[in-house]
Number of protein chains: 2
Amino acid sequence: MTVYNKEYRELQQIKLAVDCIIFGFNDNKLELLLIHRGFEPEKGKWSLIGGFVGENEDLDKAANRVLYKLSGLEDIYMEQVKAFGKADRDSSGHVVSITYSAMILKSEYNEDQVSNYNAKWFPIEELPELVFDHRDMVESAIRRLRRRVRNFPIAFNLLPAKFTLPQLQMLYEGILNESIDKRNFRRKVLQMKYLVRLEEKDMSESRKGAYFYRFDEALYKVEKNFNL
Amino acid sequence: MTVYNKEYRELQQIKLAVDCIIFGFNDNKLELLLIHRGFEPEKGKWSLIGGFVGENEDLDKAANRVLYKLSGLEDIYMEQVKAFGKADRDSSGHVVSITYSAMILKSEYNEDQVSNYNAKWFPIEELPELVFDHRDMVESAIRRLRRRVRNFPIAFNLLPAKFTLPQLQMLYEGILNESIDKRNFRRKVLQMKYLVRLEEKDMSESRKGAYFYRFDEALYKVEKNFNL
DNA sequence: GCAAAAGTGTTCAGCATACACCCATGG
DNA sequence: CCATGGGTGTATGCTGAACACTTTTGC
């Protein structure tokens with residue numbers, strides 16, 4: 001906004017933070033990256049990856065900096081989810097936090113960084129106790145993810161560049177937490193011309209083998225309609 | 001979040017604000033309430049209704065306080081839209097702003113308050129030049145409004161308790177900026193049992209008169225599906 | 001030859017869209 | 001009686017959901 005209530009301008013002692021909700025996919029389950037909190041308050045609980053926003057730092061940049069520090073990952077598709085602003089949400093003071101969410105491919109994730117930061121993946125159905133209102137943050141991010149994953153080709157961030165349709169379906173089943181009819185699913189996928197079948201097959205999951213597909217970004221930009 | 005980058009904790013001089021995007025409906029057009037900015041920087045331009053968040057004040061409460069101060073309206077349906085956090089978005093310093101949006105019935109709006117605050121309604125197609133990134137804020141709020149108005153019974157906030165179907169249709173046409181088939185529109189409306197026809201007719205717009213309807217909150221809570 | 005996963009079509013119901021005429025009334 | 005806005009029904013195509021068998025291959 002602007003400068004209406006001038007009186008606040010000097011007094012305000014609100015801190016501004018970002019928290020990152022980082023989704024991964026493993027063992028057919030949607031997972032979340034958390035860090036073990038080694039300090040008070042709430043020491044010993046688990047927490048989202050978060051940090052304070054820097055002076056003269058864009059909010060988006062802050063989220064990316066925090067994510068990078070923790071995961072070593074750059075250029076990750078990351079979106080603002082929402083602001084959490086109850087005055088007492090953080091017991092250490094008035095901290096407003098903006099949540100961002102990202103989807104990363106665990107296999108590209110640098111395992112060294114994980115242990116450096118006491119980070120760990122948890123299936124979203126088996127989360128430990130989280131600090132403050134981080135549970136609410138996770139839930140709102142999951143709702144948003146479930147909404148968006150049906151209308152935008154974002155789930156591919158959780159898969160390798162080459163993936164099979166059974167893999168993709170299991171991913172969707174994991175994210176949406178419901179089972180999907182194979183034939184209906186495949187028909188919809190195959191209508192999207194930007195999902196390109198490769199000649200190569202994945203022979204690791206079955207004797208018959210499943211064709212690999214890839215998501216063609218350029219072709220998608222032409223059609224730009226996605227629906228699953 | 002929490003307390004990772006402790007170094008920021010003491011230094012941070014970011015200000016936190018809220019900006020309210022207040023929609024009204026008049027003359028079959030969607031309108032927006034703006035205030036004339038009487039001070040530097042950007043003096044003379046128009047601005048959203050905004051203000052800084054108070055110490056120990058919830059974000060939602062801050063938005064409502066600001067709205068109340070300006071419009072005299074309480075208990076308004078108000079929702080967070082998104083955070084705007086580019087470091088240089090406000091030329092007076094690092095100010096992060098969370099936008100909220102509300103829909104109000106102009107006829108309930110206290111006209112005295114408007115002049116007190118140099119506030120004025122503008123049709124959204126004819127907005128004046130706005131300060132900072134307020135134009136972006138408005139656009140994102142309109143996109144969100146258009147999305148939500150199809151799936152939630154929120155548009156009724158822009159109409160009196162008793163309204164006619166022609167009124168409702170013109171409201172939707174105004175919000176969505178497209179024309180809608182009368183018969184299809186009415187069929188969908190009439191399927192919703194919580195839109196109750198009254199005996200009374202509005203004789204002011206035609207000789208034949210149009211039945212008044214009302215939105216029944218309690219009945220809606222039973223069905224809870226809305227689609228227009 | 002059989003176990004295990006991959007792959008393939010059709011039917012049906014519900015919903016969105018397009019479209020044109022009669023009704024009630026005040027003047 | 002007529003001008004004005006209010007009110008009504010049907011046909012068509014599309015999309016989502018349900019549903020079961022054949023194919024391939026390594027063992």
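Throughout, a chain's letter reflects where its sequence line sits, starting with A, and its residues are numbered from 1. The figures here come from the full heavy-atom set of this structure, side chains too, leaving out hydrogens, waters and symmetry mates.
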Task: Nucleotide C/dA6, atom C1' - distance to CG of A/L168 in whole Å - done: 15 Å
Open item on the list: Distance check needed: C/dA16 P versus B/R150 CZ, whole Å only.
Closed with: 11 Å
TODO: Just do the side chain to side chain donor-acceptor pair (under 3.5 Å) check on A/N64 and A/Y100 with the steps written out, would you?
DONE: CA-CA 9 Å; A/N64 273 290; A/Y100 278 81; over 6 Å; no
- [ ] Decide yes or no on side chain to side chain donor-acceptor pair (under 3.5 Å) for B/D19 and B/S97, but give the supporting numbers first.
- [x] CA-CA 7 Å; B/D19 280 295; B/S97 177; 2.6 Å; yes
Open item on the list: Could you tell me how far apart A/Q169 (CD) and C/dA5 (C1') are, to the nearest whole angstrom?
Closed with: 12 Å
TODO: Could you check how far CD of B/Q191 sits from P of C/dG14, rounded to whole Å?
DONE: 12 Å
Open item on the list: Does B/K193, at its NZ atom, have more than 12 non-hydrogen atoms belonging to other residues, nucleotides or ligands within less than 6.0 Å?
Closed with: no
Task: Distance test, side-chain N/O of B/R186 to OP1/OP2 of D/dT8, below 4.0 Å - done: yes
Task: Base C/dT17 to side chain B/R187, donor-acceptor N/O within 3.5 Å cut-off - done: yes
TODO: Would you kindly give the CG-to-C1' distance between B/N184 and C/dC19, to the nearest whole Å?
DONE: 9 Å
Task: Nearest-Å distance for atom pair CE/C1', residues A/M203 and D/dG26 - done: 9 Å
Open item on the list: On DNA chain C, does the nearest nucleotide to B/K208 precede the nearest nucleotide to A/R197 from the 5' side, or the other way round? Give the residue.
Closed with: A/R197
Open item on the list: Does C/dA16 have OP1 or OP2 under 4.0 Å away from a side-chain N or O of B/N227?
Closed with: yes
Task: Which nucleotide in C/dA6, C/dG26, D/dT8 has an atom nearest any side-chain atom of B/R207 - done: C/dG26
- [ ] Anything under 30° is parallel, anything over 60° is perpendicular, the rest tilted; go ahead and classify B/Y194 against B/F215.
- [x] perpendicular
Task: Separation of atom OH in A/Y213 from atom C1' in C/dG7, rounded to whole Å - done: 9 Å
- [ ] Using a heavy-atom cut-off of under 4.0 Å over every strand shown, decide if A/D202 touches base, sugar-phosphate, or nothing.
- [x] nothing
Open item on the list: By nearest heavy atom, map A/D181 and B/R183 onto DNA chain D; which one lands nearer the 5' end?
Closed with: B/R183
Task: Option passing ring pair (Phe, Tyr, Trp, His ring centres under 6.0 Å) with B/F156 (candidates B/Y220, B/F163, B/Y213) - done: B/F163
Open item on the list: Just the rounded figure in Å: distance from C1' of C/dT17 to CZ of B/F185.
Closed with: 16 Å
